[in-house]
Structure formats: structure tokens, C-alpha cells
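To start, the structure itself, in C-alpha cells.
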Amino acid sequence: MRLAKAVAFSSIAIYLYQLASLAYTVYLARTFSPYLLGIFGIASAVTLLTGEFRALGTGEYLVREKNIDKNTVKNSIGISLSISILIFCLLAISAGAISRFYDERLIGELILIFSFSLLVSPFNSINSALLTRELKFHKVILLDWSNFLVGISTSVFLIFMELGIYAIAIGPVVGSYVQFLLTTIFRSPFMEFVPRIKNASDQIKFGGFSSSASILERLNIHSIDLIVGKMDGVRSAALMSKAVSTAELIFHIILAGSKEVALPFISKTNYKELAENYIHATLIANYLSVSVLTSCIFFGDNLVLFMFGEKWREAAELVPFVSLWVIFRNFHPFQRALFISIGRERMYLKNQALGLASTTIAIILGLWFGDLQFMVLCLSFSGFAYFIFTTFQVFSVQNLSQSFTKYLIKNLRLMLVVFLVALISWGVDSIILKFIDSSFLELLVFGSILIISWLILMIALNTELYREVLKLTIDKKIKVIK
């Protein structure tokens, strides 16, 4: 019961965080030009990617280990802090070279500002990992939200003080230092502030996989900023980033809660039932996410214009094919949980490496032979290739291979629902559009039609999601009667 409440509490906080982030993103998009946000995007991408080396899986190691002591925690802080200081020095030295590489002085200056958070991040992340281990999610959320709210409040205040793009970089740094101060108050009983590195080979070995996988995951998204920024300019990087972030945000809002319980759900039964659990969880998630993302192919451009304004019209035109790419990339939303639960971490590492390679090739070829529109078309094909590879990789696992035909049949049914929902919504919307001259009203009408048609088809076709909701409702009524 304690775990269920903790997960529910965490899921609600994640949804609220995503919505607050969306509101802040809308504010920034309407305040700054695509050019300036492109500069900011490249600087933050460089900092975030180097930050993944800083963690070296220490937090995840502390959460998963059955037995830890204060020396284990000291080692984790020692490893993370040592790497953080090294990265801080490297960024300080290389900031000028990065600026020259992109021919934008501001990029190096923003990287220097971002890098100061590296000096306190190890303490923040280790304490949060320990609190997560103890299922004290209320403290984790308090610390995370303090960081977030102080960060955006500082940025907004500094924007009004006319510090421009520097304000967006200073805010998160101030937020991280406030979280560090609060960490001294809301700390785990195991938390230590004195670092050391002694007999830490297990932690370093574990961190090798964790950091590599995390870096590849982040690169799959941030490679767009870095490569497009160099090949086609920072403004183009901002346009692509806005299109991708819109589709990704929708996906994460829909599945934020379910990802929290993915690993225990897939792992809770014996190995023989792994295939059934994985297929069941994947289909339920896809009935939610794929349906909405497919609709973004038709109305995503209006969504971008409504939220961010007319100056992002070029980004809006990229959303249809970007949504297709996001669908293919996330068609197996629980693959990480699957590979980890059966001890196939290397398979997941290979999977992310191939995903990064296909994304990188698509970006380079797309911009080499065409423009952004051609590039997103190439991305959609690379996403499809990645989806095919991931499907065969997942079902090459023992006990899942026999369920491959069953999975294909169920997914054909899923795609039928998705296609019909999108077609009905688009058809009705096209008729109503003749009488509406407002992005907001069109979104409202389209969204209403989408939800109604989706619900009708879910029930009519007796889908897995409908059966699961029906089962939960019946179980709840039985408990009430008892």
C-alpha cells in the first residue's frame, strides 16, 4: 500500500511538473525570438550531455542496491563530485572553442553560467536518490519543485530586469543552489557531505552502463540541436527543437505516470508470464499515446501556433513528420524496463546506439540534400527503421519470441483504431473548419471530436485499454460492497 501511494503521489507531481514546464515554455517562446532560443538550446544541450557523465549512475546504484552504508554514500558523492569538478574545468576551458565552432559568442557564455550548477548537483542528486530509495517521494518532490519554482521565478524576474537570454540560464543555477541548501534540512539519514573514493569499483562499473545509456538517450534528442545548429544555423535548430519538444511533451504528459510503474509491473510475475505482461502494458500505453500523437499529424501545427504564436509558423509546419518520428521512436515505451528486468542491459545500450546512429544519419543527409522539411521526412523513415529493429530485438528475447505473431495481430488492431480516430476527427474538422477562423476554436472542436470518436471505438472494438478500465471499475465496486 505504501508503494502504491508513493507511486500515485509521484505520478501526480510529474503531471503537474509537465504542465508547469509547458506554461513556462510557452512564456519563453512568446518572449524570445527563435534565434535566441536556438542559442540557448545548443548551450543547454552541451551542458546536459556533459552532466550525464557527472552522475555516472551513482544515484541509480544507491536506489537498486539492497544494502548500503554511509561509506557507500561517501563513495557515490566522491565519484560524482570528482567528475563534476573535472567537467566544470573542461567546460570553462572549451567554452570559447564551442562558441567559435558555432560562430556564436553567446553559446560559450551561457555554457559557463550553466556549468556552475555542476558544483552542487552531486549532493542534490545523491540525496534525492536516497529519499527515493526510502519511498519518501514527498521530500523528493519538495526539493525538485523548490529548484524548479525558484529557477523559473528568478529567470522571469531577471527577464523583466532586461537581462535577456542570460536570465534563462541564471535561473536554473540559482534553483540548484537553493535545492542544495534545502538538502541540508530535508536529508536522508544516510546522506553524507564528506566525499571519498575507496573500494568503489562496483559503483564505477555499474555507472558505466547507466551513464552510457542515458547519454545515448539524451543524444537522440539533443543531437538535433547540435547538428542542425551547425549545419543550418541556430534559428533552424530552435525551429526543430520546438517541433520535437511539442510532440515529446505530449507523449510524456500522457505516459508520465505509467513509466513510474513499468519496471515493477513487468517484473512482478515469473519469467514465463513476461511476454503477456510486456505486450499488455505496451498496448495499453500505445492506445493512449499513439492515438493522440497520430492526431498531431493533422492538428499539431495549429497547436504550436496557438501556444507559441505566429513567429513559430515554420516550426508548426514541421510537426506532422516529427510526430510520426516520435511515434516510431516510442512505440516500445517500456523497452528499458524490459531489458533491465531480465538483465539484458547491453541489448538496450545497442538499441540506443542504433537509434542515435539512424537519427544522426537522417539529419545529416536531410540537410545535405534538402531543407528542414526534407530532413524531418528523413527522420520519419529513420524512426520507422528503428521501430522495426526494436520490435525484432524485443521479441528475440526468450519467451517473447513465441508471442511475436500475437503482438503483430494486436498492433494491427491498435493501428486500425488509431487510423479511424484520426480519419474521423480530420474529416469532421475539415468540414467545420469552413465556418471557423480561429486556431483555438479549431483545436477545441478537433479535441472534442477526437475524444468522443476515440472512446466509441475503444468500447466498440473491446480493446485492451477498455477491458483494463472495466476490470478496475468492477474490482473497485466489489471492494466497496465488501
Side-chain angles (χ1 to χ4, degrees), residues 20-21 24-25 27-55 80-125 143-183 215 218-219 221-226 228-230 233-235 237-238 241-242 245:
S21 297
Y24 181 57
T25 302
Y27 169 73
L28 293 180
R30 289 181 172 272
T31 303
F32 293 99
S33 67
Y35 174 77
L36 285 175
L37 287 181
I39 291 173
F40 174 81
I42 293 171
S44 60
V46 171
T47 311
L48 285 170
L49 289 172
T50 53
E52 289 298 332
F53 287 102
R54 182 268 309 162
S80 187
L81 185 60
S82 299
I83 297 174
S84 292
I85 293 172
L86 177 61
I87 292 173
F88 175 80
C89 295
L90 289 174
L91 286 176
I93 295 170
S94 61
I98 296 172
S99 290
R100 289 190 294 273
F101 180 75
Y102 286 100
D103 197 24
E104 291 290 347
R105 175 183 55 81
L106 278 174
I107 292 177
E109 294 175 357
L110 293 176
I111 288 173
L112 285 174
I113 295 172
F114 277 128
S115 64
F116 279 96
S117 62
L118 289 168
L119 301 178
V120 294
S121 293
F123 301 99
N124 295 343
S125 61
L143 292 169
D144 288 345
W145 271 87
S146 298
N147 185 334
F148 176 69
L149 292 176
V150 170
I152 62 173
S153 299
T154 303
S155 292
V156 171
F157 173 75
L158 293 176
I159 288 170
F160 278 106
M161 296 297 292
E162 299 185 353
L163 263 70
I165 200 70
Y166 296 106
I168 316 178
I170 294 171
V173 176
V174 174
S176 66
Y177 277 85
V178 169
Q179 182 178 346
F180 173 68
L181 293 175
L182 290 175
T183 293
I215 289 165
R218 283 193 179 274
L219 268 173
I221 298 296
H222 292 302
S223 60
I224 294 174
D225 290 322
L226 299 175
V228 174
K230 177 59 181 176
V234 294
R235 186 177 182 278
S241 179
K242 193 61 65 184
S245 62

Sorted by first residue and then second, give each side chain to side chain donor-acceptor pair (under 3.5 Å) pair with at least one member in residues 143-152; sequence neighbours left out.
Asn147-Gln179
Just list the side-chain donor-acceptor pairs under 3.5 Å for residues 38-45, sequence neighbours left out, or say none.
residue, atom, partner, partner atom, Å
Ser44, OG, Phe40, O, 3.1
Ser44, OG, Gly41, O, 3.0

Given 3.5 Å as the limit, does a donor-acceptor pair link the side chain of Ser99 with the main chain of Gly108, or not?
yes
Please identify each residue that fulfils side chain to side chain contact (heavy atoms under 4.5 Å, CB included) with Ala95, with sequence neighbours left out.
Leu112
For Leu149 against Ser153, the heavy-atom pair lying closest together:
O-OG, 2.7 Å
State, yes or no, whether a side-chain contact exists between Phe123 and Leu81 at a heavy-atom distance under 4.5 Å.
yes
Is Ser241 reaching over with its side chain to a backbone N or O of Ala237, donor-acceptor style, under 3.5 angstrom?
no
Check the pair Val150, Tyr177 against side chain to side chain contact (heavy atoms under 4.5 Å, CB included), reporting the backbone distance first and the verdict last.
CA-CA 10 Å; Val150 170; Tyr177 277 85; over 6 Å; no
Mind checking salt bridge (Lys or Arg N to Asp or Glu O under 4.0 Å) for Arg30 and listing every partner two or more places apart, or none if nothing turns up?
none
Residue set satisfying ring-ring contact (aromatic ring centres under 6.0 Å, His included) with Phe88, at least two apart, ordered chain then number -> Phe116
Under 3.5 Å, side-chain donor or acceptor atoms of residues 156-171 against the rest of the protein: list the pairs with distances, not counting sequence neighbours.
residue, atom, partner, partner atom, Å
Tyr166, OH, Glu109, OE1, 2.4

Under the side chain to side chain contact (heavy atoms under 4.5 Å, CB included) rule, collect the residues that match up with Ser82, sequence neighbours excluded.
Ile197
Who passes ring-ring contact (aromatic ring centres under 6.0 Å, His included) against Tyr24, sequence neighbours left out?
none
Where at least one partner belongs to residues 86-104, residue pairs that pass salt bridge (Lys or Arg N to Asp or Glu O under 4.0 Å), sequence neighbours excluded:
none
